[in-house]
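Computed from heavy atoms alone, side chains included, the values below leave out hydrogens, waters and symmetry copies.
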Amino acid sequence: MKSVKRVEFIIDEREVDNLLSSLAKVNITSYTVITGAYGNGDHGMRGADIFSDSLSYVLIACDEEEVKVIIEKVRPVLKSLGGICLVSDAMWVIH
Amino acid sequence: MKSVKRVEFIIDEREVDNLLSSLAKVNITSYTVITGAYGNGDHGMRGADIFSDSLSYVLIACDEEEVKVIIEKVRPVLKSLGGICLVSDAMWVIH
Amino acid sequence: MKSVKRVEFIIDEREVDNLLSSLAKVNITSYTVITGAYGNGDHGMRGADIFSDSLSYVLIACDEEEVKVIIEKVRPVLKSLGGICLVSDAMWVIH
Amino acid sequence: MDFSLVRNLMDPAILFFFFGILAASVKSNLEIPPAIAKFLSLYLLVAIGFKGGVALSASGFTATALVAIGAALIMAFLVPIYTFLLLRKRTSAFNAAAIAATYGSVSAVTFIAAQQYLTKNGIDFGGYMTVAMVFMESPAIIMAVLLAAIVRKQQAQAEAYAGAKIQSVPGSSPISIKTVLHEAFTDGAHLLLIGSLVIGYITGDAGKAVMAPFTVDIFKGVLAFFLLEMGLLVARQLRQSKDLNPTLVAFAGIMPIFNASLAIGLAYMFGMSKGDALLLAALVASGSYIVVPAICRYAIPEAKPGVYFSMSIGITFPFNLVIGIPLYFAAINMLWA
Amino acid sequence: MDFSLVRNLMDPAILFFFFGILAASVKSNLEIPPAIAKFLSLYLLVAIGFKGGVALSASGFTATALVAIGAALIMAFLVPIYTFLLLRKRTSAFNAAAIAATYGSVSAVTFIAAQQYLTKNGIDFGGYMTVAMVFMESPAIIMAVLLAAIVRKQQAQAEAYAGAKIQSVPGSSPISIKTVLHEAFTDGAHLLLIGSLVIGYITGDAGKAVMAPFTVDIFKGVLAFFLLEMGLLVARQLRQSKDLNPTLVAFAGIMPIFNASLAIGLAYMFGMSKGDALLLAALVASGSYIVVPAICRYAIPEAKPGVYFSMSIGITFPFNLVIGIPLYFAAINMLWA
Amino acid sequence: MDFSLVRNLMDPAILFFFFGILAASVKSNLEIPPAIAKFLSLYLLVAIGFKGGVALSASGFTATALVAIGAALIMAFLVPIYTFLLLRKRTSAFNAAAIAATYGSVSAVTFIAAQQYLTKNGIDFGGYMTVAMVFMESPAIIMAVLLAAIVRKQQAQAEAYAGAKIQSVPGSSPISIKTVLHEAFTDGAHLLLIGSLVIGYITGDAGKAVMAPFTVDIFKGVLAFFLLEMGLLVARQLRQSKDLNPTLVAFAGIMPIFNASLAIGLAYMFGMSKGDALLLAALVASGSYIVVPAICRYAIPEAKPGVYFSMSIGITFPFNLVIGIPLYFAAINMLWA
Ligand SMILES: Nc1ncnc2c1ncn2[C@@H]1O[C@H](COP(=O)(O)O)[C@@H](O)[C@H]1O
Ligand SMILES: Nc1ncnc2c1ncn2[C@@H]1O[C@H](COP(=O)(O)O)[C@@H](O)[C@H]1O
Ligand SMILES: Nc1ncnc2c1ncn2[C@@H]1O[C@H](COP(=O)(O)O)[C@@H](O)[C@H]1O
Ligand code: NA
Ligand code: NA
Ligand code: NA
């Protein structure tokens, strides 16, 4: 096992493709996405009814330096369209 | 980045609305819900076939004091209808 | 609250049943599964279009010893079919 | 009967059920997305409820209807009682209560299959049988909750006498009968059936005309898909269930025949038509795998879902679908002849 | 009118809407899986767009068509202006702008319900009315974004005069009008409607022949299911919304009548047919709950979705569906007589 | 041919495909929920399999049928061989093996489109062509796995000679051919097609009568929706794929013509009918984007899915759908005249 960072963010489903493409450009290409989430925050309810776009939950396990790069790309999206980003610690099971 | 608590719980989909309303009353109004989970525990399998109600995964990023308030509201639900609640540490990316 | 480990892994939906059965044999029977995830990694994109099998996100809260047992069962799957497994710390809300 | 059994087996929907079992047996990754499977089941409830309502609006609530509903209610009370008494000593008393509720209640898909069987054989049946089905949902639940409450009390007394500490199931406390009844009556499937029945009754033939392409014409195709899903589910459920013992397996296969026999006898005594008799037999013989298991999970947390759900869906359901329905109809044909 | 109201209420699809409200009111767990509900709405857009396109290919773009589209456009510009002026002082100016956009735009399901109503009463209408609906989507959005921009500037100036720091909503900065327009035009629902309209127009009667069993025959059944979902949604939305005050509730109930009256007057002046007049009234009277709210969330983040979305879907939609449409038609019948 | 191309383009389902491409190109958020899209594909497999089975039960397994199936099998073995030889030097050998499997196998939707094309032009075809399609799925997979195994061995030897350490792909070890075959045969899509074929065969005309409103009448509408999804998918896939080089793009466009030419030649030699010849050409010209890519991901982990999947779905599929089918049919018409 090796120590890694666990970055997770919740953003509008519609923004995920763009964000992941921009991460790919800085060589961050491993991630997992869970779609169809809903939630509430400063911008009110989202994704809870069929007429509003769903949110996506994105999980990236990466090392310390990559965290900074990711945050740089994610923050503008959070700023203009809302959402959250959390960073925590984890151990990665090497296989 | 600021340090926050990451509260996550897994409960019956049917209970989520009630629980979130009762959290709203104590001013906890930001959360994310992922629906359609299934699982196994003391009450047997749930949500794995189309005839049983699904579980929901709820994630709330909050500060230390709010954790206590949340737990107070969640525990009775866990007690009578099952489920789990985990609390961990994370850094919140301020935007 | 008691201190527990939070084991999460992402594997091919198709493998989940087998893996959970083999965990059941070593008495690990409590878990939560979120289906329908997609992602990218060493094996390329998976689950993002309707023609490839989805990934599942599995969460298990357990104690230190159980972590080892779980890893033992998960690692071979990760090795042959890809995926990731993360272990982190959490507090379990006792109910 | 042999002939009608073969004919039953030649139905595309039934064949898709077998195909589903086969696909799951070879561990195929074939899967109907859960959202779709849920919708197909809602569709079937709407179609069957609406159709029953329209038929009822044409016939009205006649004496025949009341007799049929009465017969259904009698069985809905009887079945849980003798099931509980029979099983109390053969599995845990809580399991017995949950099984009693399961078999006292009904399976809508079995009911649908019986209707399809009659239609294929050109036999009439009444729209009120759908009403009968609706009425059979709740009595079993109420009785089972009461039985479980009694068992709980007895055990508590026994433990008190023995000086033991009174213990509840870890992490769970049985919920109130009021909550149980609320859950039973507001269950989505149950409510949708009633709603569609009422709407069919209100709109009658005019409603039928506009809804028929959706609720009637494509019905068989949707049913085929749904039975495919049921086949997958049955095979997977049987593979996973480890809580079944031979007694319970035998029970799940024999019980429907016993229950159907009583139902057929009652129908005969009450002078019901052949079509109505088959539907009654199918209702009584079938076990619930939707509403009742969902409720027992909370109402009788001491019982194992792996037992009552597996028996009902894994054994009784396929038995009725494939063998039961033609068998009961053969018996009815002999008796009514 | 009473008669036609009753007749409207007897429609199975409308009854399923009521049933949905009822089921949600008793807190049933009845739920159409979201994936299905979304698909049903896509289906309705395809069916209605395709049908309109086919009708248009038969009739061509006549003067009648142009007049109807012109009337629709006039209303699409007028409604947001007077709505904003009316509400500016009765809620926050940003809310007023968002409500203006909401009511300037349209509800496709209300339009569909009006078409169904006409069909049931044997009244003709033009395929170009679907084009009119398409054209009504965007003007309101553009106007509302402009209004919001003006309000924002005024407030900034006011604050600057007052020596206050210019503050934006926490964590959000309004997005550019270019982005807003892109989102409006590429919105899936909007685009699908246009696409289906064009495809129906191109393929004409040949297309209709192959598509009809899907887009026409089962339409009513799909609509019934969708209205069931809408009923569930309306009831849940009303229960949750805490941002509505009595003024806004009254507005949401009275506004459609006022808007429809203007529309009917215009239709009368322009010599439109009775059928077209009703569709125009339904379009003008209805409020958007898909495209506009989705866009306002980003374009006017200062406004509360709990206000404009709840008004539009919770009050105006059911009002039009149940009472409005027959009411407007009664008025049209009197005027045109 | 021009005329028939235009006629092909006028099909609503084909137009919805273009619309999907367009919607994705303007970055619309239009999306068919994945659960729905999966179900639509299951529906198409059931409908096409069932229809083929019914047709087969009417005609029986004639010499004509065996000849057609034989021709299909010949091509299923030939295509992977010459594809591999052709591409081995133009991309990695592993990619070449995966592409060989992809093009040796078939696309069910292309097959469906060819059937629709024939139906619209009033040309007959045999139910056994569906059997031919089923048989074409596996040979290609087996051959590709063998080819990959050979490549792997050669590279290992080369590396051993060069004194290098034998290295496998990071984090992955190729799975056994037995597992591969199990996955191929139990793949849900494959199995469902076979199951529906068998059920159609067993139930024959009686089955057809009850299933037709579901499997036949609404087929075109469902296909239109599915092709809309395919259009969205194709456009998104092309935007994302960065692994394609000009050679591979050219290959994906030229290969179908080459493969179809061989197939048409064979069909001509074997005296097949015009309808059967077109279906054979469509099968041979098409590449798999379901079963084969799913299996190659594990069986040939050294190959890039971004290459073979993108070629097959992004280029070959739309090419066949829009241009290929009418083109092949024009050639057949000339040859058979
Ligand atoms: N404190 C939080 N905990 C969990 N999820 C959150 C939190 N704040 C925001 N979110 C999620 O992020 C989405 C957008 O947040 P906002 O931009 O604040 O409206 C919400 O709909 C939630 O799903
Ligand atoms: N240790 C655990 N780890 C992950 N999920 C759990 C765990 N225990 C319970 N759950 C989840 O909570 C649900 C209800 O738990 P229970 O009340 O124990 O049956 C289960 O179906 C699981 O989805
Ligand atoms: N670093 C990572 N962070 C998050 N998810 C990952 C990561 N690496 C792999 N995954 C997930 O695991 C799946 C299989 O990974 P792989 O075997 O590397 O292709 C991917 O499709 C992702 O969903
Ligand atoms: Na029963
Ligand atoms: Na309007
Ligand atoms: Na091919």
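- Contact of A/L59 with chain C is made through the side chain alone, with heavy-atom distances under 4.5 Å.
- Proximity to chain C is limited to the side chain of A/V4, based on heavy atoms less than 4.5 angstrom apart.
- Comparing C/G47, C/G39, C/C85 by heavy-atom pairs within less than 4.5 Å of chain A, the highest count is held by C/C85.
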Enumerate, by atom name, each donor-acceptor pair separated by under 3.5 Å where one atom lies in chain C and the other in chain A.
from	atom 1	to	atom 2	distance (Å)
C/E8	OE1	A/R6	NH2	2.9
C/E8	OE2	A/R6	NE	2.3
C/E8	OE2	A/R6	NH2	3.1
C/Y38	N	A/V33	O	2.9
C/Y38	O	A/V33	N	2.7
C/N40	N	A/Y31	O	3.0
C/N40	O	A/Y31	N	3.1
C/N40	ND2	A/T29	O	2.7
C/R75	NE	A/I94	O	2.8
C/R75	NH2	A/I94	O	3.4
C/C85	O	A/V93	N	2.9
C/V87	N	A/M91	O	2.8
C/V87	O	A/M91	N	2.7

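- Only the side chain of C/I10 comes within less than 4.5 Å of a heavy atom in chain A; its backbone stays farther off.
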